[in-house]
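Written out below as structure tokens is the structure these notes cover.
Chain naming here is simple, since letters A, B, ... match the order of the sequence lines and numbering starts at 1 in each.
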Amino acid sequence: MKFELTGQNPAGKARTGKITTDHGIINTPIFMPVGTQGTVKAVTEENLKNDIGAEIILSNTYHLYLRPGMEIIENGGGLHRFMNWDRPVLTDSGGFQIYSLSDLRKMKKEGVEFRSHLDGSSHYFTPEKVINIQRQIGSDIMMVLDECTPWPCEYDYAVKSTELTSRWAILNREAFDSSAPLYGFNQNLFGIIQGSVYKDLREKSAKELLKLDFDGYAIGGLAVGEPAEVMYEIVDFTTDYIPANKPRYLMGVGRPENILEAISRGVDMFDCVMPTRNARNAYLFTSQGIVTIRNARYKNDYSPLDPECGCYTCRNYSRAYLRHLFVANEILGLQLATIHNLRFYLDLVRESRRKIEEGTFEDWKNEIINKISINVSATEEK
RNA sequence: GGGCAGGCGCCAAAGUAGGAGAGUUGGGGCGGACUGUAAAUCCGUUGGCUAAGCCUUAGGGGGUUCGAUUCCCUCCCUGCCCA
């Protein structure tokens with residue numbers, strides 16, 4: 001993997017770059033659609049490429065390991081072939097499941113024990129195991145096993161947790177170095193900086209991980225309920241500790257405005273379930289603001305969802321039709337909504353790159369946030 | 001024409017051997033939430049009003065009773081069966 005910087009906005013810390021992998025180039029800043037179970041829910045590979053313009057997608061170690069299981073993935077020729085996706089894939093390690101499935105797991109010194117949410121069976125994840133699974137999956141970018149801390153998080157717990165993540169990082173690195181790719185292309189490993197909302201811990205975590213010279217650095221443990229301003233502050237603080245020549249990935253973020261603010265603070269990569277999940281829940285992002293397409297107000301609205309959007313959905317269907325699909329619980333609604341929301345996110349980062357290269361990112365960002373973060377329905381109500 | 005079973009909120013049903021009550025469940029309607037996906041999920045709301053209360057309400061009308069959605073009479077309607 002190669003990462004080169006291609007542009008830098010004069011104000012702020014926003015920058016553009018290019019990640020070259022064996023499955024192609026990723027332009028940064030980039031948003032990565034989430035495909036937890038080896039599918040970006042409700043859309044096809046063709047949608048992802050042609051209608052959305054996805055350059056890389058995310059998948060998940062924990063979920064794929066439980067189902068369909070590694071044997072199926074390996075026999076299928078690795079995840080790329082299995083799911084018919086020939087562009088880069090990043091896999092999360094299961095660190096987020098330590099957070100989101102906290103009722104079903106037990107932290108151990110060397111790893112974490114999960115009870116499967118599918119059948120209750122027990123599974124033990126260690127850094128080494130998680131690296132091996134990601135070898136079997138064949139992701140282009142693998143993530144270290146970490147612990148994603150919740151919010152709020154007591155300082156003492158954050159100290160212990162961050163130490164654990166740092167200790168595990170070494171084991172992740174060793175397992176990575178002593179194993180090899182299975183499918184004939186290179187794989188890379190990103191470290192994850194933790195430390196909750198505590199700057200001293202973030203600094204410590206970053207410095208410890210830098211010694212291990214990962215291919216890129218993620219900022220984890222944010223967007224778990226803390227105020228956005230706190231998140232921005234920690235992001236701003238932490239990116240200063242990541243060398244300029246390494247990609248910076250803010251895990252799990254976020255709303256469009258969160259992404260723009262983080263780009264402004266020097267982040268290159270993002271992922272979030274929001275565009276996909278919210279699409280399936282009738283919550284659509286548009287250039288004019290949030291459209292909750294199930295609302296009765298759209299019953300007779302035959303205009304396109306977003307007149308400024310060039311996606312398949314906006315080119316061909318009206319708000320009234322989309323609303324009808326959602327109200328009638330028709331599957332097509334999920335697909336059309338997902339195509340649009342993901343296209344909106346990808347357009348957002350594409351436009352960000354353009355503005356950074358023009359040097360006008362900051363002003364544009366502020367203007368756009370004002371436009372897109374309002375709720376269209378609520379506004380028109382007044 | 002006769003017999004039987006029923007009619008409860010926008011809809012479909014539950015329940016009540018008379019007594020907690022605008023009142024159970026599901027659906028529908030309306031609104032909201034969702035941030036490294038246990039999510040095509042979840043939550044709220046859904047008679048009226050001069051709103052910590054009051055009023056109206058269980059097919060219509062009448063009756064018994066301190067009290068009726070529940071019992072009785074009658075009419076109307078629906079379904080099934082028989083002519």
Determine the Euclidean distance between corresponding [atom1] atoms of [M] and [N]; express it in Å to zero decimal places.
N: B/rG21; M: B/rA58; atom1: C1'; value: 12 Å
N: B/rG60; M: B/rC76; atom1: P; value: 15 Å
N: B/rC49; M: B/rA33; atom1: P; value: 27 Å
N: B/rU25; M: B/rG47; atom1: P; value: 14 Å
N: B/rU64; M: B/rC71; atom1: C1'; value: 8 Å
N: B/rG19; M: B/rU70; atom1: C1'; value: 11 Å
N: B/rU24; M: B/rG9; atom1: P; value: 14 Å
N: B/rA39; M: B/rU57; atom1: P; value: 49 Å

When all nucleic acid strands are considered with a 4.0 Å heavy-atom cut-off, which category describes [X]: base, sugar-phosphate, or nothing?
X: A/Tyr283; answer: base
X: A/Gly333; answer: nothing
X: A/Arg105; answer: nothing
X: A/Glu330; answer: nothing

Describe, in one word, how the ring planes of A/His80 and A/His23 are oriented to each other, choosing from parallel (under 30°), tilted (30 to 60°) and perpendicular (over 60°). parallel
Could I get the full list of side chain to side chain donor-acceptor pair (under 3.5 Å) partners for [X], not counting sequence neighbours?
X: A/Glu163; result: none
X: A/Asp301; result: A/Ser303, A/Arg319
X: A/Ser166; result: A/Glu208
X: A/Asn47; result: A/Thr44, A/Asp51, A/Gln335

Tabulated below should be each protein N or O lying under 3.5 Å from an N or O of nucleotides 26-28 of chain B; please produce it.
none

Protein-nucleotide distance ([X], atom [atom1]; [N], atom [atom2]), rounded to Å:
X: A/Lys299; N: B/rG29; atom1: NZ; atom2: P; value: 10 Å
X: A/Phe285; N: B/rA33; atom1: CZ; atom2: P; value: 11 Å
X: A/Ile259; N: B/rU35; atom1: CD1; atom2: P; value: 14 Å
X: A/Glu226; N: B/rG36; atom1: CD; atom2: P; value: 12 Å
X: A/Asn375; N: B/rG32; atom1: CG; atom2: C1'; value: 10 Å
X: A/Ile57; N: B/rG36; atom1: CD1; atom2: C1'; value: 14 Å
X: A/Ile137; N: B/rG36; atom1: CD1; atom2: C1'; value: 14 Å
X: A/Ile372; N: B/rU35; atom1: CD1; atom2: P; value: 18 Å

Examine A/Arg202 relative to A/Tyr241 and say whether NZ or CZ is less than 6.0 Å from the centre of the six-membered ring and inside a 45° cone about the ring axis.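 No, a cation-pi geometry is absent between A/Arg202 and A/Tyr241.
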Could you write out each protein N or O paired with an N or O of nucleotides 37-41 of chain B at a distance under 3.5 Å?
unit_1	atom_1	unit_2	atom_2	d
B/rU37	OP1	A/Asn60	ND2	3.1
B/rU37	OP1	A/Asp92	OD2	3.3
B/rU37	OP2	A/Thr36	OG1	3.1
B/rU37	O4'	A/Arg277	NH2	3.2
B/rU37	O3'	A/His63	NE2	3.3
B/rU37	O3'	A/Gln97	NE2	3.4
B/rU37	O2	A/Arg277	NE	3.4
B/rU37	O2	A/Arg277	NH2	3.3
B/rU37	N3	A/Arg280	NH2	3.4
B/rU37	O4	A/Thr276	OG1	2.5
B/rA38	OP2	A/Ser100	OG	2.5
B/rA38	O5'	A/His63	NE2	3.1
B/rA39	O2'	A/Arg280	NH2	3.2
B/rA39	N7	A/Arg277	NH2	2.7
B/rA40	OP2	A/Arg280	NE	3.0
B/rA40	OP2	A/Arg280	NH2	3.2
B/rU41	N3	A/Asn281	OD1	3.2
B/rU41	O4	A/Asn281	OD1	2.9

State plainly whether one hydrophobic cluster holds both A/Leu118 and A/Ile72, where clusters connect Ile, Leu, Val, Met, Phe, Trp and Tyr through side-chain heavy atoms under 4.5 angstrom apart.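 In one cluster: yes.
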Not counting sequence neighbours, list each pair that qualifies as a salt bridge (charged side-chain N to carboxylate O under 4.0 Å, His left out) and has a residue in residues 251-271 of chain A.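 Salt bridge (charged side-chain N to carboxylate O under 4.0 Å, His left out) check on residues 251-271 of chain A returns A/Arg15-A/Asp268, A/Arg255-A/Glu257, A/Glu261-A/Arg265, A/Glu261-A/Lys365.
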Just jot down the salt bridge (charged side-chain N to carboxylate O under 4.0 Å, His left out) partners of A/Lys246, sequence neighbours excluded, or say none. A/Asp213
Could I get the full list of salt bridge (charged side-chain N to carboxylate O under 4.0 Å, His left out) partners for A/Arg294, not counting sequence neighbours? none
Check ion pair A/Arg173-A/Asp177 (N to O, under 4.0 angstrom):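 Yes.
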Check ring pair (Phe, Tyr, Trp, His ring centres under 6.0 Å) between A/His324 and all other residues, then give those that pass, not counting sequence neighbours. none
Do any pairs count as a side-chain hydrogen bond (donor to acceptor under 3.5 Å, both in side chains) and have a residue in residues 33-43 of chain A, sequence neighbours left out, and if so which ones?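 Those involving residues 33-43 of chain A do not exist here.
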5'-to-3' dot-bracket of RNA chain B (Watson-Crick, G-U; under 3.5 angstrom; crossing pairs as [ ]; | other strand): (((((((..((((.....[....))))((((((.......))))))(((...)))...(((((..]....)))))))))))).
